[in-house]
Amino acid sequence: MEDVRAVTRHIPPGRVTTYGAIAEFLTLGSARMVGWALFQGVSLTDDLPAHRVVNRRGELSGRNHFSTPTTMQERLEAEGVVVRNDRVEDFATRFWSPNELLNL
DNA sequence: ACGCTGACTGGGT
DNA sequence: CACCCAGCCAGCG
């Protein structure tokens, strides 16, 4: 679960990744665990950029777990990410894979 | 122990 | 792109 937080903190501003990508990168059993870990992490710290983690379709499925249901979208747009109808526009190009970490 | 639920996903339609 | 379905696994009543 610390791993999930670590990876999440490495997501570049203006980019997003998916639960599944993180789950696969950390070889967790399922993507649900990532959401669970983030929920725990956010409750504890709050300095976690969890708003950069969305589901496979680029939807802000976790917005209801933030202080307000609009926090996630606002943080994303503050970084230049266009969100329309609870979905990240241009998701394919905005997507960032944790594997990029191995490439640096 | 059991069944439900959920920040999920891949595959098929 | 949207919907449905079957796996997925930890937490909770």
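Chain A is the first sequence line, chain B the second, and so forth, proteins listed ahead of strands; every chain is numbered from 1.
Using a 4.5 Å heavy-atom threshold, the side chains of A/Trp96 and A/Leu101 count as touching. In this structure, the side chains of A/Asp90 and A/Val81 stay at 4.5 Å or more apart for every pair of heavy atoms. Side-chain atoms of A/Glu24 and A/Pro98, non-hydrogen and from C-beta on, never get closer than 4.5 Å to each other. Side-chain atoms of A/Arg87 and A/Val54, non-hydrogen and from C-beta on, never get closer than 4.5 Å to each other.
Atom CG of A/Leu26 and atom P of C/dA10 are 15 Å apart (whole Å). Separating the CD1 atom of A/Ile22 from the P atom of B/dT9 is a distance of 10 Å, rounded to the nearest angstrom. Rounded to an integer number of Å, the gap from A/Asn85 CG to C/dA2 C1' is 13 Å. Atom CG in A/Asn64 sits about 16 Å away from atom C1' in B/dC8, given to the nearest Å. Counting to the nearest Å, the P atom of C/dG7 and the OH atom of A/Tyr19 are 24 Å from each other. Counting to the nearest Å, the P atom of C/dC1 and the CG atom of A/Asn55 are 12 Å from each other. For the pair A/Arg84 CZ and C/dC1 P, the computed distance is 11 Å after rounding to whole Å. Note: CD (A/Gln40) to C1' (C/dA10) measures 10 Å, nearest angstrom.
When Watson-Crick and G-U wobble pairs are counted only if both distances are under 3.5 Å, C/dC8 pairs with no nucleotide at all.
Within the nucleic acid shown, A/Ala50 comes within 4.0 Å of at least one base atom, counting heavy atoms only. Across all strands, A/Phe66 comes closer than 4.0 Å to base atoms (heavy-atom distances).
Take the nearest nucleotide of DNA chain C for A/Trp36 and for A/Arg32: the residue whose nucleotide is more 5' is A/Arg32. Between A/Met33 and A/Arg57, it is A/Met33 whose nearest contact on DNA chain B lies nearer the 5' terminus.
Between the side chain of A/Arg94 and the backbone N or O of A/Arg15, no donor-acceptor pair lies under 3.5 Å.
Side-chain atoms of A/Ser30 lie closest to C/dC8 of the nucleotides C/dC8, B/dC8, B/dA7.
Comparing the P positions of C/dG7 and B/dA7 gives an interatomic distance of 22 Å, to the nearest angstrom.
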